[in-house]
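One structure below.
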Amino acid sequence: MGAGTRRAGGLTFRAAVYRLVRRVPRGAVVTYGQVASMLGAPRSARAVGGAMRRCPDDVPWHRVVNAAGKISRRRHMGSMLTQRIRLEQEGVPLRRGRVRLDRCRWEG
DNA sequence: GACTTGACTAGAC
DNA sequence: AGTCTAGCCAAGT
């Protein structure tokens, strides 16, 4: 399937996304578009979301939010709640359901 | 290999 | 502040 899609690095885009997100430290967050840009594909933010949709358990997916600092909508509402709880447990301040990207963004 | 899907985003009202 | 739209592109069928 499309899983065979490869890039120069020899990794699927998804694998590259997981590898990068695993480096995001506790208490920090990144945006989908930011991850895409850091991987050299600034217009693949949506693909990053697609990768996060099915990710290994060792990937801190809760540290990825959208460009507005909000938790993106998805099929299973439960994971949205889990994401908010995990972020709060890590000390990420949420103001009116939003993360302050100017304070918590991980620049890599 | 074509068609669809979506945890996106920037811009326009 | 919010809502809508078009463009985006990897992954899934």
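Convention: sequence-line order gives letters A, B, ...; per-chain numbering from 1.
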Under-3.5 Å N/O pairs linking protein and nucleotides 1-3 of chain C:
from	atom 1	to	atom 2	distance (Å)
dA1(C)	OP2	R98(A)	NH2	2.6

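Whole-Å rounding puts the L11(A) CG to dA10(C) P distance at 15 Å.
Residues in residues 54-69 of chain A take part in these side-chain hydrogen bond (donor to acceptor under 3.5 Å, both in side chains) pairs, two or more places apart or across chains: R22(A)-D58(A), H62(A)-E90(A), R63(A)-E90(A), N66(A)-S72(A). Applying the salt bridge (Lys or Arg N to Asp or Glu O under 4.0 Å) test to pairs two or more places apart or on separate chains, none has a residue in residues 67-80 of chain A.
Formation of a donor-acceptor pair under 3.5 Å by the Y18(A) side chain with backbone atoms of A51(A) is found in this model.
The two atoms that bring C104(A) and G27(A) nearest to each other are CB-O, 4.3 Å, heavy atoms only. Nearest heavy atoms, V48(A) versus Y32(A): CG2-O, 3.7 Å. Of all heavy-atom pairs between C55(A) and V59(A), the closest is SG-CB, 4.2 Å. Closest of all the heavy-atom pairs between A45(A) and G33(A) is CB-CA, 3.6 Å.
Partners of R23(A) according to the side chain to side chain contact (heavy atoms under 4.5 Å, CB included) rule, which considers only residues two or more places apart in sequence or in another chain, are L20(A), W106(A). Applying the side chain to side chain contact (heavy atoms under 4.5 Å, CB included) criterion to A16(A), with sequence neighbours excluded, gives R7(A), L39(A). With sequence neighbours excluded, the residues that form a side chain to side chain contact (heavy atoms under 4.5 Å, CB included) with R105(A) are T31(A), Q34(A), L101(A), E107(A).
A heavy atom lying under 4.0 Å from DNA chain C marks the following residues of residues 43-51 of chain A, by number: R43(A), S44(A), R46(A), A47(A). Taking every heavy atom of residues 71-78 of chain A and every atom of DNA chain B, pairs under 4.0 Å involve S72(A), R73(A), R74(A), by number. Residues from residues 61-68 of chain A placing a heavy atom under 4.0 Å of any atom in DNA chain B, listed by number, are W61(A), N66(A), A67(A). Interface residues of residues 30-37 of chain A facing DNA chain B, ordered by number: T31(A), Y32(A), G33(A); criterion, heavy-atom separation under 4.0 Å.
Read 5' to 3', the first and last nucleotides of DNA chain B with an atom closer than 4.0 Å to a heavy atom of chain A are dG6(B) to dA10(B).
With hydrophobic clusters built from ILVMFWY side chains whose heavy atoms lie under 4.5 angstrom apart, V64(A) shares a cluster with F13(A).
A distance of 12.5 Å separates CZ of R98(A) from CD1 of I71(A), quoted to the nearest 0.5 Å. Taken from CD in Q83(A) to CE in M80(A), the straight-line distance is 8.0 Å, to the nearest 0.5 Å.
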Original post:
For M52(A) and V21(A), what are the C-alpha separation, side-chain angles and deciding distance, and is it a side chain to side chain contact (heavy atoms under 4.5 Å, CB included)?
Top reply: CA-CA 10 Å; M52(A) 299 312 294; V21(A) 175; 4.3 Å; yes

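Counting only Watson-Crick and G-U wobble pairs whose two distances sit under 3.5 Å, DNA chain B takes part in these stems of three or more pairs: B:2-6 with C:9-13, B:8-13 with C:2-7.
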